Amino acid sequence: MAISASALPRAHAEEHLDHEAELRKEHLMLDPRPRGEMNAMVMESMLTTSWKFWAIAALMALIVAVGLFGAWGYMISEGLYVATVNRPMYWSYFLVHTVFWIGISHAGTFVSALLRVFKAEFRRPFTRAAELMTTFGLVQAGIHIFAHMGRVWLTYWMFPFPNQRQLWTNFHSPLMWDFLAINTYLLSSTMYLFLPLIPDLAMARDRSTGWRKTFYRILALGWRGTEAEWTHLRIALNIFAFAILPVMFSVHTIVSWDFAAAMRPGWSSTIFGPYFVVGALQSGVSAVAMVVITLRYTMKNMDYFIRKEHFDALGKLMLVISMAWAYFFFNDYMVQWYGGDKWTDALLHFHEAGPAGWVWLMMLITNIAIPWLVLWNKNWRRNPWILFTVGLLANVGMWAERFIIIPVSLQINRMPFMWGQGIKFGVEIPIFIGSIAFFILLYMIASRLIPLVPVWEVQEGQMAHSIRKYGKEPVVSVADLE
Amino acid sequence: MSSPKIPEFKAEWKEGEAGRWGLAIDMDLCTGCQACVAACSMENNVPFVGEKESGYGRQMAWMRVERLWEGQYPEVKTTPFQPVMCQQCGSAPCEPVCPVFATVHAEAEQLNLQVYNRCVGTRYCANNCPYVVRVFNWADFAINPIHANPDKDGKLVFPLHNQFNPDVTVRRRGVMEKCTFCIQRIHKAEDQAKSENREVVDGDVTPACAQACPADAIIFGRLDDPQSRVSKLSQDKRAVHLLEELGTQPRVSYLSGGSHGNLG
């Protein structure tokens, strides 16, 4: 075991006594509780359900039934004319929302895998909440990509399955790459969600009765906690954490190729890949912050696990990603503008001065100006209201970015006679609201069924951290577990 | 065991190679009367979508006569126009992007085919078409009662039902479609020529647009026959191609030298 120690800045003499208490209050890793107590706290947070929970769940289920499946069913029976699509705006809100949800789903894996790889300790209490976001976000993305299709009942034709008529799928199509990439991502992120869940499911199995016991017993796969099992789990998690990062980058790059590979002014851009990846992180990390804040203030015992230090860390991450997004946006814009192609020129003018110009401006304000002005301040980013608002605005801004790229850009093409304006509100709006409700509902169901805090990871981190005294100075020391 | 033939991802056209079928439009003869648009819709069972949907940009005509203005009203200098339909590109951007091979290049006819039965409606082909000539069936415009017009007794009238062309599929909602160069007429002429043991010659095939053109501005024929009218016209120094710089190798030539100036 390697021991690394670092001295904290020397404080005033009268504060020495409080310093250790402050450290414990601030950092979850330095504030250990007995394992039995912590397990009981997580079980309690899972099992305590008030009438408010059921009321909200019923409301969400109603919105899903009417907004998502009702409106979508109506559209399937009538055709896409009830949606906001026309010629030349063949793609519209549905693709905006697909990219939006894939972007949100990104950060789950990003936060979990990247921070695990870099051994960022603040990740421990909310990795599971973030990973769930990946899976649930991809479900919503799938709903929108299916809703976007003209004949959704033939979706299975996108699968390359052997058939008697020897019909095959076209692997040259970016949509096919997209389909395969999203499926890969869904499968691998679900496995990555499940692996660290096993010890917690076993913990829940040992502390429950009735149908829950059966449920956890099946899902825990007979976990006993032997040394061999832990070794296998750690190796598997390490492999997954490293392997899933390139998958994550590939997915949003391939999503961007749906646009970048097309022969259109404004879309045919070589920087779309990284630009989309960073955009996805921008919306996704903001969504993680929103989810973490919501969990802390709605679930029992969560104020122990999720602390201001986590808001702080997520706020810093949001600030850095916002800067990266600004860099890529400028890079994309600058090169396209400098190229001087007349159609791109017309398109850029349409973005800024067209009827959706205010959306373009709003995108810059909510994605760049607000995070830069707010998140630099430690007290502000530790305030849950402010962080939640900034995260919400960043998601609005990222929605606006996709809105500019898809329906607004599609109105300009190389045949000026076919330029058209068709932005209005169609059936996509109830479907989108329904998908947000579906996302929340899935989280609510998950919060009743699985421990949202990875207890074993928190306990592992707490075991590695300790406060030592060098004279009067409390010093945080960390033991490397591997 | 022979391996099943996988369709080509893009037709392997050599630069400058002629296609099999081509169209030439003499812009100095065209009056922009839209007879071709009407004839095309009649021939190919293209539904009428009504004023409201048409105004929103859901008109389904496979051809359009583009009207453009130079200068701001009221100081309009010229009002050029040009008929535009699928250019049957030799190297078509619509083809590689379809995930299910619903839009493919026919080896025999060397045209871009749209396979209605296979189309799942992703509409990527339409986004990637630089000529914006693909139209989508946003609804069952031909058969859904809500798109029919009531007559004076309140009875619903389906304007197309009595004149459907039996040679052409009636498309349902959710599929893409586009100009086919009246492939049903091409096949009829080829069958006729084959039964008479000869090649298809000029005059055997006339697509609906060319047939209806009162000025005889649309000329259709074989590009692989150097003696055909359309071959000669496409080599004419007046011939230009739309968005030729994109390398799509369009098979429609626009002949313009006079009043229309520089088109394309």
Side-chain angles (χ1 to χ4, degrees), chain A residues 76-92 95 145 148-158 160 165-179 258-259 261-265 267 343 406 409-411 413-422 424, chain B residues 4-7 9-10 49 53 56-60 64-68 81-82 84 93-104 117-141 144 146-147 172-176 242-243 246 248:
Chain A
I76 291 172
S77 69
E78 284 295 327
L80 278 170
Y81 82 97
V82 294
T84 312
V85 271
N86 65 7
R87 179 162 70 155
M89 203 174 68
Y90 292 96
W91 288 354
S92 166
L95 262 278
I145 212 163
H148 139 89
M149 291 170 73
R151 301 205 290 173
V152 64
W153 51 93
L154 300 176
T155 304
Y156 67 98
W157 285 1
M158 302 268 291
R165 290 182 290 169
Q166 298 199 345
L167 294 172
W168 200 239
T169 52
N170 183 1
F171 289 104
H172 299 289
S173 167
L175 285 182
M176 201 62 218
W177 312 336
D178 206 13
F179 182 75
D258 285 350
F259 311 106
M263 197 171 161
R264 285 193 77 94
W267 277 13
W343 305 114
I406 302 169
S409 294
L410 279 176
Q411 295 172 27
N413 50 52
R414 290 188 178 91
M415 303 298 272
F417 181 73
M418 294 310 294
W419 288 3
Q421 291 173 14
K424 59 171 190 176
Chain B
K5 190 162 171 55
I6 294 169
F9 128 71
K10 242 181 178 184
V49 302
E53 298 293 334
Y56 184 57
R58 285 174 179 156
Q59 61 273 46
M60 293 199 58
R64 59 175 186 260
V65 177
E66 294 196 339
R67 299 175 300 156
L68 301 157
F81 53 84
Q82 59 182 354
V84 179
C94 55
E95 285 165 11
V97 296
C98 178
V100 291
F101 285 121
T103 173
V104 286
N117 281 343
R118 182 65 171 162
C119 179
V120 297
T122 66
R123 311 194 286 293
Y124 201 161
C125 53
N127 273 343
N128 217 23
C129 172
Y131 306 100
V132 205
V133 289
R134 293 180 153 260
V135 291
F136 190 70
N137 286 270
W138 303 108
D140 285 326
F141 288 115
N144 190 330
I146 68 163
H147 300 294
R172 290 295 299 272
R173 67 183 189 275
V175 300
M176 193 57 76
L242 290 185
L243 301 177
L246 298 176
T248 51

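Quick caveat, the model's predicted, so the values are computed rather than measured. Protein chains get the first letters and strands the later ones, always in sequence-line order, with residue 1 at the start of each.
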Toward chain B, the part of [X] with a non-hydrogen atom under 4.5 Å:
X: A:Trp153; value: side chain
X: A:Leu154; value: both
X: A:Leu167; value: both
X: A:Tyr156; value: neither

Using 0.5 Å steps for rounding, measure from the CH2 atom of A:Trp343 to the CG atom of B:Leu243. 7.0 Å
From CZ (A:Arg414) to CG (B:Leu246), nearest 0.5 Å: 4.5 Å
Please report the shortest heavy-atom distance between [X] and [Y], naming the atom on each side.
X: A:Gly150; Y: B:Phe136; result: CA-CZ, 3.8 Å
X: B:Arg58; Y: A:Ala83; result: NH2-O, 2.7 Å
X: B:Leu242; Y: A:Met415; result: CD1-CE, 3.9 Å
X: A:Phe259; Y: B:Tyr124; result: N-OH, 4.3 Å

Less than 4.5 Å apart, side chain to side chain, heavy atoms only: is that true for [X] and [Y]?
X: B:Tyr56; Y: A:Thr84; answer: yes
X: B:Val100; Y: A:Met176; answer: no
X: B:Arg123; Y: A:Val85; answer: yes
X: B:Val175; Y: A:Arg151; answer: yes
X: B:Glu95; Y: A:Asn170; answer: no
X: A:Trp267; Y: B:Asn127; answer: yes
X: B:Val132; Y: A:Tyr90; answer: yes

Is the backbone of A:Val82 close enough, under 3.5 Å, to the side chain of B:Trp138 for a donor and an acceptor to pair up by distance? no
Interface check, chain A: of B:Val84, B:Val135, B:Val120, most non-hydrogen pairs under 4.5 Å belong to B:Val120
With a 4.5 angstrom heavy-atom cut-off, which part of B:Arg118 approaches chain A: side chain, backbone, both or neither? both
When the 4.5 angstrom heavy-atom criterion is applied to B:Thr248 and chain A, the contacting part is side chain
When only pairs under 4.5 Å are counted, which of [options] shares the most heavy-atom pairs with chain B?
options: A:Ser173, A:Gly422, A:Gly79; answer: A:Ser173
options: A:Pro160, A:Pro416, A:Pro88, A:Pro174; answer: A:Pro174
options: A:Met149, A:Gln421, A:His148, A:Met89; answer: A:His148

So A:Arg87 and B:Met60, side chain to side chain contact (heavy atoms under 4.5 Å, CB included) or not? Walk me through it. CA-CA 9 Å; A:Arg87 179 162 70 155; B:Met60 293 199 58; over 6 Å; no
